[in-house]
Amino acid sequence: MNRTGEVTVVRGTDELFARSAHLFESAEDIACAANDLHTWAITRPARDADHGPPPQGTGGKRIRKLYRPGVLLDPATAHHVRNAARIGADVRITPDELNETIILDRRMAILAGDVTAGVRSYSVVTLPEVLQGIMSLFEAAWRGAAELAVYDARLDEIRQLAPSILDLLNSGCKDEVAARSLGLGLRTYRRRVAELMTALGASSRFQAGARARELGLV
């Protein structure tokens, strides 16, 4: 553990959990931004684990969860996210890059850091001036995100087209030809390709194909 002013850096999820579990239990307002479900897995109570019995509710807490689209492509993580919404959490999806953050009662923020030798570092921030900036970034991302049900409906079309689009990308045919074969306009086709790449967390069409195979989409 390293401490600088009102910022404490902890190494590993075990230390983070040991130091913060009681804060999660007592917090009434929890905001979470994450690329997937792995970064903050250790902070979830055992009853909320992916394969455990479903939790009964949020206990009157205000819980907001902001995720990248990729969580909805894998059946296991999609189930967890939808279940969180079902029991009362407010879940939104954004295609934008996220600073993985948890904010508790607007009094403390936990920022996920880099992974070194398999261990992730976390910065625990209580300095009001820094907290204000962190909260502003979260609120801006939250306002620009889509509600889970809205994005899920949008993603259904992407899911249906994904195998066909990926087959066409793998074939190496031109976008104009691919668009015609799907009965789409060129701009619509390219938008669907971009949306699929974003949902898969891919920076290239080749990477999108590899990621889709990992998820069993093709």
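Side chains included, hydrogens not; waters and symmetry mates left out as well; all remaining heavy atoms used.
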Do any pairs count as a ring pair (Phe, Tyr, Trp, His ring centres under 6.0 Å) and have a residue in residues 124-148, sequence neighbours left out, and if so which ones?
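Every ring pair (Phe, Tyr, Trp, His ring centres under 6.0 Å) pair that includes a residue of residues 124-148, provided the two are not neighbours, is F138-W142.
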Per the side chain to side chain donor-acceptor pair (under 3.5 Å) rule, what does the pair list look like for residues 176-187, sequence neighbours excluded?
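Listed by first then second residue: nothing to list.
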Non-neighbouring partners of [X] that pass side chain to side chain contact (heavy atoms under 4.5 Å, CB included), sequence neighbours left out:
X: L137; result: N99
X: S26; result: none
X: R106; result: D29, R62, R64, M135, E139
X: V130; result: V125, L127, I134

In chain order, what residues pass the ring-ring contact (aromatic ring centres under 6.0 Å, His included) check against Y189, with sequence neighbours excluded?
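Not a single residue meets the ring-ring contact (aromatic ring centres under 6.0 Å, His included) criterion with Y189.
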Side chain to side chain donor-acceptor pair (under 3.5 Å) with [X]: which residues, sequence neighbours excluded?
X: D175; result: R190, R205
X: N35; result: none
X: S171; result: none

With a 4.5 Å limit on heavy-atom distance, are the side chains of Y122 and T13 in contact?
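Yes, their side chains come closer than 4.5 Å.
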With sequence neighbours left out, write down each residue that passes salt bridge (Lys or Arg N to Asp or Glu O under 4.0 Å) with E195, or none if nothing qualifies.
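Salt bridge (Lys or Arg N to Asp or Glu O under 4.0 Å) check on E195 returns R192.
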Could you list all the salt bridge (Lys or Arg N to Asp or Glu O under 4.0 Å) pairs where at least one residue sits in residues 114-129, not counting sequence neighbours?
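Every candidate salt bridge (Lys or Arg N to Asp or Glu O under 4.0 Å) pair involving residues 114-129 fails, so no pair, neighbours aside, qualifies.
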